[in-house]
Amino acid sequence: MGNMRNTKTLDKEWRNDIWRNSRRQGAHARGILEDIIYPTRPTDRPDSRVNRKLLYDNKDVAVAPYGEYWRQLKSICVLHLLSNKRVQSFRSIREEETTLLVKKIREHSYSNSVNLSEMFTEYTNDVVCRSAFGRKYSEGENGKKFVSLLKEFLVLLGTISIGTFIPCLSWIDRVNGFDARVDMVAKELDEFLEGVIRERMEKPLEQAAPDRNKNGENFVDILLDIYLNNSTGVAIDRDSIKAIILDVFSAGTDTTSTVLEWAMTELLRHPIIMKKLQNEVREIVKDKHDITDNDLEKMHYLKDVIKETLRSGTMVLINAYAISRDCANWDEPEKFRPDRFLNSSIDYKGLDFELIPFGAGRRGCPGIAFAMATNEFLLANLVHKFDWKLPDDVKDMDMTERPGVAIHRNVPLLAVANQYHY
Ligand code: HEM
């Protein structure tokens with residue numbers, strides 16, 4: 001409903017055929033392909049009243065209409081935050097945050113279960129905030145309020161409101177309180193984002209962004225520089241800056257933490273797969289404490305576990321969910337079987353339409369390298385340093401899903417960690 005981007009309606013062979021041809025014939029053919037697959041103007045997002053209210057009249061990258069403004073914003077994000085080079089430069093942040101998380105889990109070892117859902121949200125939020133803004137925002141009372149505001153924002157973005165699709169019934173959204181919730185979240189988020197901008201403009205940099213020097217240029221300072229000096233040639237105003245910051249906060253936190261949440265859920269439900277992954281990671285890392293990028297490169301089964309998590313249905317932004325469950329594409333699609341990728345070249349980068357958790361084409365996700373670096377590193381550390389089991393009182397795991405921009409578990413994931421001595 002309202003989503004015209006479902007490639008499932010095309011015959012798989014035909015789809016792949018056009019795609020192969022398009023790659024041979026270059027970008028022009030590729031544009032045509034997108035036009036065939038996406039029956040509306042393919043590079044535009046569906047317009048929605050809720051998006052406009054929450055995302056500063058569609059001024060963020062993710063929903064901005066296709067054109068020069070969107071092109072400029074996306075290239076700023078890629079160049080200054082999401083390129084492979086930038087992602088590598090954030091390694092020390094990933095390491096420090098992983099060490100903190102491992103320490104927190106150790107404190108609960110053997111006795112209590114840990115709330116992995118909560119920890120993953122905080123971890124991914126801290127990694128993305130330190131990388132993009134030079135500091136964390138999740139600490140203290142204000143931080144807790146911000147994280148829960150972000151959660152509500154994503155629930156509202158993922159809600160199908162009646163008025164969006166049938167405008168003459170939009171009075172229902174007013175009566176049932178939906179519009180009031182949207183207005184309230186938009187107002188509170190705006191106050192928070194104003195605070196982020198004010199802090200950067202008023203406080204000395206070492207206070208406003210303690211991580212800044214370690215990682216060279218800082219994304220939010222570059223945005224502010226563009227806004228203050230109008231250096232791109234397109235009108236980027238204060239609302240644009242707030243909308244982009246919001247994109248990074250939300251895209252960088254929710255999607256990435258969901259993948260970790262479902263990966264650990266499936267590993268806990270499939271002890272043989274968990275063991276196989278632990279064997280791979282422990283064999284490669286041996287008795288070293290730290291996992292290097294070089295080690296990660298060798299962990300093929302880890303990559304297959306993450307691919308399988310992405311396939312088994314974490315995203316609803318486009319109907320990737322249906323495609324990933326299509327029997328025409330996958331054997332036993334309902335089963336969690338990372339081995340299906342063992343001798344397969346299928347990847348999630350947008351060229352294989354059976355697996356498009358990050359979308360495809362011009363509007364595809366620019367955050368793949370950032371998300372994968374975060375997910376692979378943390379997951380490898382969790383299975384390297386701990387043995388995991390479900391809490392004793394949990395016999396059947398509750399697999400109910402909660403809708404939103406990304407599908408989360410409805411109840412938090414609790415697990416017991418036993419420290420592994422290597
Ligand atoms: C596992 C993690 C992630 C998943 C599964 C994911 C998935 C997606 C999907 C499905 C889209 C829409 C693509 C399309 O319409 O073709 C998207 C767009 C986008 N994502 Fe991600 N994403 C992830 C992580 C990130 C991260 C870490 C960032 C940045 C910090 C990010 C930033 C964006 C942006 C800016 C867009 C809009 C691109 C555009 O409209 O041109 N994403 N993502």
Side-chain angles (χ1 to χ4, degrees), residues 3-7 34 37-38 40-46 51 55 58-67 69-83 86-87 90 93-94 120-121 123-133 150 154 157-158 219-220 223 243-263 303 306-307 309-321 323-324 348-351 353 355-376 378-379 404-408:
N3 189 339
M4 309 297 271
R5 314 194 77 200
N6 185 349
T7 64
E34 285 183 330
I37 287 180
Y38 305 143
T40 54
R41 208 177 121 185
T43 41
D44 274 345
R45 304 277 185 222
N51 282 1
L55 293 165
N58 296 349
K59 282 187 172 166
D60 73 319
V61 192
V63 295
Y66 183 64
Y69 175 83
W70 162 79
R71 209 189 316 274
Q72 289 278 358
L73 293 196
K74 191 159 182 177
S75 72
I76 293 168
C77 289
V78 171
L79 194 65
H80 300 292
L81 181 68
L82 302 171
S83 67
R86 296 299 295 148
V87 169
F90 303 135
I93 293 178
R94 288 189 292 276
F120 291 154
T121 305
Y123 168 83
T124 49
N125 190 260
D126 288 347
V127 170
V128 81
C129 287
R130 287 184 64 189
S131 307
F133 311 118
L150 211 52
L154 289 160
L157 274 189
F219 181 63
V220 76
L223 288 182
I244 303 169
I245 296 177
L246 191 50
D247 256 5
V248 174
F249 275 141
S250 51
T253 302
D254 193 52
T255 47
T256 318
S257 67
T258 317
V259 173
L260 288 166
E261 193 182 40
W262 285 115
K303 292 178 200 305
I306 293 180
K307 260 188 207 169
T309 307
L310 288 164
R311 184 198 66 81
S312 47
T314 51
M315 299 302 300
V316 290
L317 266 178
I318 49 177
N319 209 344
Y321 183 89
I323 298 166
S324 300
Y348 43 66
K349 296 194 177 144
L351 296 180
F353 284 160
L355 186 67
I356 48 167
F358 294 98
R362 282 181 214 130
R363 295 304 293 247
C365 176
I368 299 182
F370 192 101
M372 282 306 136
T374 312
N375 285 344
E376 286 178 3
L378 183 65
L379 198 56
V405 174
I407 301 178
H408 281 272

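Atoms within each ligand, like the ligands themselves, are counted from 1 in listed order.
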| request: Would you name the heavy atoms of Ala369 and Leu82 that are closest together and state the gap between them? | output: CB-O, 4.2 Å

| field | Interfacing atoms of ligand 1 (cut-off 4.0 Å, heavy-atom, Gly359) | value | 10 (C), 13 (C), 14 (C), 16 (O)

| message | Strictly by salt bridge (charged side-chain N to carboxylate O under 4.0 Å, His left out), give each pair with a member in residues 249-263 just once, sequence neighbours left out. | response | none

| remark: Nearest non-hydrogen contact to atom 35 (C) of ligand 1 from the set Gly367, Ser250, Pro366 belongs to Pro366

| message | Taking 4.0 Å as the limit for heavy-atom contacts, which would you say applies to Leu82 with ligand 1: side chain only, backbone only, both, or neither? | response | side chain

| said: If the cut-off is 4.0 Å to any non-hydrogen atom of Gly252, which atoms of ligand 1 fall inside it? | reply: 27 (C), 30 (C)

| said: Which residues pass the side-chain hydrogen bond (donor to acceptor under 3.5 Å, both in side chains) test with Lys307, not counting sequence neighbours? | reply: none

| Can you list the atoms of ligand 1 that are under 4.0 Å from a heavy atom of Val259? | 1 (C)

| note | In ligand 1, the atoms that come under 4.0 Å of a heavy atom of Trp70 are 39 (C), 40 (O), 41 (O)

| Does any N/O atom on Thr256 come nearer than 3.5 Å to any N/O atom on ligand 1? | no

| field | Ala251 contact mode with ligand 1 (heavy-atom cut-off under 4.0 Å) | value | both

| Main-chain N/O of Ala62 paired to Asp247 side chain as donor or acceptor, under 3.5 Å | yes

| message | Would Asn375 count as a polar contact of ligand 1, with the cut-off being nitrogen or oxygen pairs under 3.5 Å? | response | no

| Pick from Ala373, Gly350, Ser257, Cys365: the one approaching atom 42 (N) of ligand 1 most closely through a non-hydrogen atom | Cys365

| query | Among Thr255, Asp247, Ile356, whose heavy atom sits nearest atom 23 (C) of ligand 1? | reply | Thr255

| Heavy atoms only: which of Met372, Arg362, Arg363 is nearest to atom 14 (C) of ligand 1? | Arg363

| field | Ligand-residue contact atoms, ligand 1 with Phe358, heavy atoms, under 4.0 Å | value | 1 (C), 2 (C), 3 (C), 4 (C), 5 (C), 6 (C), 7 (C), 9 (C), 10 (C), 13 (C), 22 (N), 23 (C)

| query | Taking only heavy atoms of Ala360, which atoms of ligand 1 are found under 4.0 Å from at least one of them? | reply | 16 (O)

| request: Give a yes or no answer on whether the side chain of Lys74 reaches the backbone of Arg362 with a donor-acceptor pair at less than 3.5 Å. | output: yes

| message | Please classify the Ala132 to ligand 1 contact at 4.0 Å (heavy-atom distances, strictly less than): side chain, backbone, both or neither. | response | neither

| said: Closer than 4.0 Å to some heavy atom of Lys74 - which atoms of ligand 1 meet that? | reply: 38 (C), 39 (C), 41 (O)

| field | Within-shell test, Cys77 vs ligand 1, heavy atom, strictly < 4.0 Å | value | no

| request: Could you tell me which atoms of ligand 1, counted from 1 in the order shown, lie closer than 4.0 angstrom to a heavy atom of Gly364? | output: 13 (C), 16 (O), 38 (C)

